Amino acid sequence: MTHTAALPPVLAEHIAAVNAFDEDAIVGSFAEDALVNDAHREFRGIEAIRRWVAREMIGDRVTIAVTDVLDHHGDTIVRGRYDGGYGKTNLPDELILTNYFTVRDGRVVTLIIIRNTPPPTEGPRPPALG
């Protein structure tokens, strides 16, 4: 993975639209048959994504402050500090989520949003499966 200085244009527009609470611009950054996976839930196609955006991004007034942008074999990994009116029970004061974007033909075709945890640095490894 290599650090990049700037977001690809469609992703810069996507983040700006999220922070402006602009539903149409957020949805416009996605391809018609895009897939979003947020909190282990899948939203397939533009109408399902629009409902997710309206309810959970716009409705909860979510903002993203980008902290890191990485290019990984043509996909873009964006880490950002999230805030908004969503339920914050059991979440850290500073919520950093990782967004895995795949872009084709200038539109987001896949967005996977994950709250990652750092790998353990010490201790035994879990047993192998199988």
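Both backbone and side-chain heavy atoms feed into the values below; hydrogens, waters and symmetry mates do not. Since this is a predicted model, take the numbers as computed values, not measurements. Residues take their numbers from the sequence shown, with the count starting at 1.
Note: the hydrophobic cluster containing V109 does not contain I114 (ILVMFWY, side chain heavy atoms under 4.5 Å, direct or indirect links).
Side-chain contact between R79 and L70 is present, with at least one heavy-atom pair separated by less than 4.5 Å. Looking at T76 and V69, their side chains come closer than 4.5 Å, going by heavy atoms from C-beta outward. Inter-residue side-chain proximity for I26 and I49 is flagged as unmet; no heavy-atom pair is nearer than 4.5 Å. Proximity of I113 to T98: side-chain heavy atoms (C-beta onward) are nowhere separated by under 4.5 Å.
Between atom CG of residue N99 and atom CD1 of residue I77 there is a gap of 10.5 Å, rounded to the nearest 0.5 Å. Put simply, CD1 on I58 and CG on D22 are 7.0 Å apart, with the number rounded to the nearest 0.5 Å. I112 contributes atom CD1, which lies 11.0 Å from atom CG of D38 (distance to the nearest 0.5 angstrom).
Counting only residues at least two apart or in different chains, salt bridge (Lys or Arg N to Asp or Glu O under 4.0 Å) contacts with residues 24-35 comprise D24-R50. The side chain to side chain donor-acceptor pair (under 3.5 Å) pairs that include a residue from residues 102-115 are D75-T102, where partners are two or more places apart or lie in different chains. Applying the ring pair (Phe, Tyr, Trp, His ring centres under 6.0 Å) test to pairs two or more places apart or on separate chains, those with a residue in residues 79-114 are H14-F101.
Annotation: side-chain contact (heavy atoms from CB on, under 4.5 Å) contacts of A54 (sequence neighbours excluded): E23. Considering only residues two or more places apart in sequence or on other chains, E56 meets the salt bridge (charged side-chain N to carboxylate O under 4.0 Å, His left out) condition with R41. Every residue meeting the side-chain contact (heavy atoms from CB on, under 4.5 Å) condition with A48, not counting sequence neighbours, appears here in chain and number order: F43, R51. In this view, D83 and K88 satisfy the salt bridge (charged side-chain N to carboxylate O under 4.0 Å, His left out) rule, not counting sequence neighbours. Listed by chain and number, the residues in a side-chain contact (heavy atoms from CB on, under 4.5 Å) with E94 are R81, I96 (sequence neighbours excluded). Take R44 and apply the side-chain contact (heavy atoms from CB on, under 4.5 Å) test, not counting sequence neighbours, and it matches L35, E42.
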Requested in this report: Check the pair L11, V108 against side chain to side chain contact (heavy atoms under 4.5 Å, CB included), reporting the backbone distance first and the verdict last.
Outcome: CA-CA 8 Å; L11 300 185; V108 176; 3.7 Å; yes

